[in-house]
Enquirer: 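Let me begin by handing over the structure; questions about it come next.
Just so we're on the same page: letters track the sequence lines, and every chain starts at 1.
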Amino acid sequence: MKKANKKISREEKPRNLKSGEYNFYADVYDVVRQIPKGRVTSYGAIAQYLGTKMSARMVGWALNSAQHVHPRVPAQRVVNRNGMLTGKMHFSTPTEMEALLKKEKVFVKDEVVVDFEKKFWDPSKELTLK
DNA sequence: GCATTGACGAAGG
DNA sequence: CCCTTCGCCAATG
């Protein structure tokens, strides 16, 4: 049963939404929007929360489309496990991500979030899903 | 329908 | 301790 949890977003939650919008995407958006201000998380943590911890890449993929989603998704609060702003280049401007984080008192030093472990927000722990 | 890619992550050298 | 390689899943060509 350890590897049976990788497709929950597709198997158990078929695309009830419009074509092109998988539930996996909506799930990612929802989690990211629940990230408290001034906190950050990693792709892996979100993936683990969704059940597909092995595929943190999919989270990033979903966030790539999140830029075009209507409710603005605070993708700047999502960094990789090292605390690096790997997705900053995908923003409107490469400095946009840092600027947004700085407004939230999250400072970036040498491409890495300061006190990343302190500001880290794990959805699986903090959010306490079912 | 197969091959490549991608905002990651863990392990190995 | 830094760099390279492999794995994973979904989307795209």
Enquirer: For every nucleotide of nucleotides 6-13 of chain B, 5' to 3': is a protein heavy atom under 4.0 Å from its base (B), only from its sugar-phosphate (S), or from neither (-)?
Expert: BBBSS---
Enquirer: Tell me every residue that passes side chain to side chain donor-acceptor pair (under 3.5 Å) with A:N82, counting only those two or more places apart in sequence or in another chain.
Expert: none
Enquirer: Distance-only check: which donor-acceptor pairs under 3.5 Å involve side-chain atoms of residues 89-101 of chain A, not counting sequence neighbours?
Expert:
residue	atom	partner	partner atom	Å
A:T93	OG1	A:E96	N	3.2

Enquirer: Who pairs with A:A56 by side chain to side chain contact (heavy atoms under 4.5 Å, CB included), at least two apart in sequence or on another chain?
Expert: A:Y43, A:A47
Enquirer: Tell me every residue that passes side chain to side chain contact (heavy atoms under 4.5 Å, CB included) with A:K118, counting only those two or more places apart in sequence or in another chain.
Expert: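 Testing A:K118 for side chain to side chain contact (heavy atoms under 4.5 Å, CB included), a comparison that skips the adjacent residues, returns A:D115.
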Enquirer: Whole angstroms only, please: what is the OH-P distance between A:Y25 and C:dC9?
Expert: 16 Å
Enquirer: For DNA chain B, which residues in residues 105-114 of chain A have a heavy atom at a distance below 4.0 Å?
Expert: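 Going residue by residue through residues 105-114 of chain A, none turns out to have a heavy atom under 4.0 Å of DNA chain B.
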Enquirer: Any chance you could measure A:L50, atom CG, to A:D27, atom CG, to the nearest 0.5 Å?
Expert: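 Output value for this atom pair is 5.0 Å.
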Enquirer: Can you sort out the partners of A:V112 under side chain to side chain contact (heavy atoms under 4.5 Å, CB included), two or more places apart, ordered by chain and number?
Expert: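 Side chain to side chain contact (heavy atoms under 4.5 Å, CB included) check on A:V112 returns A:M84.
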Enquirer: With clusters built from Ile, Leu, Val, Met, Phe, Trp and Tyr whose side-chain heavy atoms come within less than 4.5 Å, directly or transitively, what are the remaining members of the cluster of A:V114, listed by chain and number?
Expert: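 ILVMFWY cluster around A:V114 also holds A:F107.
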Enquirer: Tell me every residue that passes side chain to side chain donor-acceptor pair (under 3.5 Å) with A:K119, counting only those two or more places apart in sequence or in another chain.
Expert: none
